[in-house]
Amino acid sequence: MYKVLIIDDEEPLREAINILGDWKGLGVGQVLEATNGQAGLEMLRREKFDLVLVDMKMPELSGAQLLQIAEEEFPDLLLIVISGYNDFEYTRQAIRSKVVDYLLKPVNRTDLNHALRKAVDILEAKRKRESEFINRNITLNMSLPKLKEKMYLSIIDRSFKTQSNEAFLPLIGADGAASHFAVGILRMLNLEQVRKERFHEDRDLLHFAVTNVMNENSDGQFESFSFASPKGEREFIAIFTMKGGYGADAAFLSLHHMKKAASTLKELFGIVCAGGIGDPYSDLLSIAGSYEQAKEALDRIDLLSMKESMILQSGGSMMEKPASRDNPSMTGRMPQIRSSLESGNVNHARNIFSEFVSKWKSAEHFTLGEADRTLQEFIILLNEIAAQLDAVPPQIRSSKDKGLNALGIRSDFASFEQFERVLNQIFDVYAGEISRTLSGDRSSVLENIKAYIDNHYFEDIKISMFTDKYFLSREYLMKLFKGQYGYGIHEYVQKVRMDKAKALLSDPGLKIQDISEMLGYKDKNYFSKAFRNYYDCSPSEFRLQLPGVEK
């Protein structure tokens, strides 16, 4: 809605303008009046008006004088001149002051509303231009950080094309000014806990809070521009820019800034951080090397000695410590772990795993980089075993994500103890699924073996037939079968043959030699001996005991 002021010393004219104006149709929400030029000027200086209707001939301060003052003090104010005199001097001043229209007394409805409409059209066009300008600036301001982020990332991954992006180089300080640039990487070690407890799972809000803290305290000489790393949501990249000065100063200020940001994040949100900073470069297009150094510094932070947030600078004293390259790989122990899981001995598998982890704990160093690689390796190896045993956890099977998020396990760890806890949670998920799957499979395996013996008791049955087919050890298979049926496999084969022997001996038409062959015994005497050992009598003696057989 627009606000209009009528300045005229004649009350009838002010009243007429009030009555004749189509204020509602023109979108005017308020019409105020001033009884003379001086009062009108005071109101203009006190309040903001969109349009003023001013009489040219008034006491104290004429309309012509008011126009001159308004031209200087209120250059954007729209004015409509009203005069009872067809005087050239008034007209000339009106033209000089760029008024919207010039009305002669007495004012009529048509001319008045025509002049008002002209003024409102100008106001609407002006507001539209201002709105478009504001929107363009908002869009530009919102897109500038994204543009800078995209340019920095392309420099870091060495895909930046100078010629096609030359116009944007000043945006990131690469305009030829003497500056130093360094890259820092800040990793949130308890990201998932903080996001859940402090940010209600709002990822964007968390990122906004972190980058705000990291970009604080920038001034004209030293600035930080940070953004979330596309390679992992735990990590944030900061580009430090120092205008003038020396590389050593840039390195010092970057380290100080990162430490302060880490301290503030811990204080405000409970975020525990680890960070790495690369060397400063005088050429912005060379910061890919600084990024790689920052990543290496971050990866070299020792998890065994880490208690709170830690920032490591490339070339610092801690960088001189060699990483624990002699730490054993878990790959060599996975066959033993698999064998124990397959045999149903989860506790033994856990002991093998725990013994292996304890070697890392007792090592001189165990770095963040090694921890990351170990987690990835452990999940890959367990996924391979689970796939081979058709025991992939359902969360993994139904998700494109094959990592910890799909398993519902937080990958937060800020100490070796927390890292070990994550490994144990991963182990528990896979061991549990493998155990459940093989438990169901074992029942069907045992049923298949029993059915085979029931139908092929007359054949030469060897246990190796089943161990080879079902990939189970002889001892474990024997233990499972006896636990299920109360007999060992050989014992069960003997039982089935002896049960069949009794049934066949009840048929007087069958000779003992024939029965021996039918049961898979090639030698009648061997059958007779086996029968006597089982029933404490020979086949012939058993037949004599049958009802209806002549003694």
Side-chain angles (χ1 to χ4, degrees), residues 185-196 228-236 271-276 295-306 309-310 312 323-338 341 349-387 391-393 395-397 399-434:
I185 302 175
L186 197 69
R187 173 173 174 172
M188 296 176 58
L189 301 178
N190 58 342
L191 167 78
E192 293 169 69
Q193 175 192 350
V194 171
R195 185 171 59 196
K196 180 179 180 181
S229 170
K231 296 183 178 179
E233 65 172 351
R234 290 182 174 276
E235 294 183 357
F236 290 80
I271 298 173
V272 180
C273 299
K295 183 64 176 171
E296 182 185 1
L298 174 65
D299 286 347
R300 280 180 177 263
I301 289 178
D302 184 16
L303 194 60
L304 293 171
S305 62
M306 185 170 180
S309 296
M310 182 179 292
L312 187 58
S324 306
R325 301 189 184 279
D326 56 344
N327 280 333
S329 169
M330 195 176 288
T331 307
R333 294 295 177 91
M334 293 309 289
Q336 293 174 276
I337 293 175
R338 170 178 176 162
L341 291 174
R350 183 184 296 283
N351 289 337
I352 296 172
F353 169 69
S354 298
E355 179 185 351
F356 189 77
V357 173
S358 67
K359 292 184 178 181
W360 293 332
K361 192 184 297 187
S362 60
E364 185 179 354
H365 303 292
F366 189 80
T367 65
L368 271 178
E370 288 175 310
D372 290 339
R373 289 189 292 274
T374 297
L375 275 179
Q376 294 173 3
E377 178 187 32
F378 193 39
I379 292 175
I380 290 172
L381 292 172
L382 285 174
N383 272 329
E384 288 177 355
I385 292 174
V392 176
Q395 311 97 296
I396 294 289
R397 196 178 301 139
S399 173
K400 292 181 179 179
D401 184 359
K402 305 303 179 186
L404 296 183
N405 288 336
L407 295 172
I409 297 174
R410 284 185 182 178
S411 55
D412 287 348
F413 59 89
S415 66
F416 188 87
E417 288 70 26
Q418 293 175 4
F419 169 70
E420 185 178 8
R421 193 179 307 134
V422 173
L423 287 176
N424 278 314
Q425 289 175 332
I426 297 171
F427 177 86
D428 288 343
V429 170
Y430 281 92
E433 187 61 30
I434 290 171

Could you grab the distance from atom [atom1] of [X] to atom [atom2] of [Y], nearest 0.5 Å is fine?
{"X": "L303", "Y": "E417", "atom1": "CG", "atom2": "CD", "answer": "8.0 Å"}
{"X": "I434", "Y": "L341", "atom1": "CD1", "atom2": "CG", "answer": "5.0 Å"}
{"X": "L189", "Y": "S415", "atom1": "CG", "atom2": "OG", "answer": "9.5 Å"}
{"X": "I379", "Y": "T374", "atom1": "CD1", "atom2": "OG1", "answer": "11.0 Å"}

Which heavy atom in [X] sits nearest to a heavy atom in [Y], and how many Å separate them?
{"X": "A349", "Y": "I337", "value": "CB-O, 3.9 Å"}
{"X": "M306", "Y": "C273", "value": "CE-O, 3.6 Å"}
{"X": "A414", "Y": "V272", "value": "CB-CG1, 4.1 Å"}
{"X": "A386", "Y": "P393", "value": "CB-CD, 4.5 Å"}

(request) Report the relative orientation of the aromatic rings in F419 and W360; use parallel for angles under 30°, tilted for 30 to 60°, perpendicular for over 60°. (result)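 It falls in the tilted class, 30° to 60°.
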Check whether any side-chain heavy atom of [X] lies under 4.5 Å from a side-chain heavy atom of [Y], and answer yes or no.
{"X": "K196", "Y": "R410", "result": "yes"}
{"X": "R187", "Y": "D372", "result": "yes"}
{"X": "D299", "Y": "E370", "result": "no"}
{"X": "T331", "Y": "L381", "result": "yes"}
{"X": "L375", "Y": "F413", "result": "yes"}
{"X": "E235", "Y": "K295", "result": "yes"}

(request) May I ask you to decide if I271's main-chain N or O and N190's side chain share a donor-acceptor pair within less than 3.5 Å? (result)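 Answer holds: no.
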(message) Between S358 and E355 (side chain of the first, backbone of the second, donor and acceptor by atom type, cut-off under 3.5 Å), is there such a pair?
(response)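 Yes; judged by distance alone, with no hydrogens or angles, the pair exists.
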(message) Determine whether Y430 and F378 satisfy the following criterion, ring-ring contact (aromatic ring centres under 6.0 Å, His included), listing intermediate values before the conclusion.
(response) CA-CA 11 Å; Y430 281 92; F378 193 39; 7.8 Å; no
(message) Among Q418, R234, Q193, which residue satisfies the side-chain hydrogen bond (donor to acceptor under 3.5 Å, both in side chains) criterion with D412?
(response)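 With D412 as partner, side-chain hydrogen bond (donor to acceptor under 3.5 Å, both in side chains) holds for just one option, R234.
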(request) Walk me through it: do E364 and L304 pass the test side-chain contact (heavy atoms from CB on, under 4.5 Å)? (result) CA-CA 8 Å; E364 185 179 354; L304 293 171; over 6 Å; no
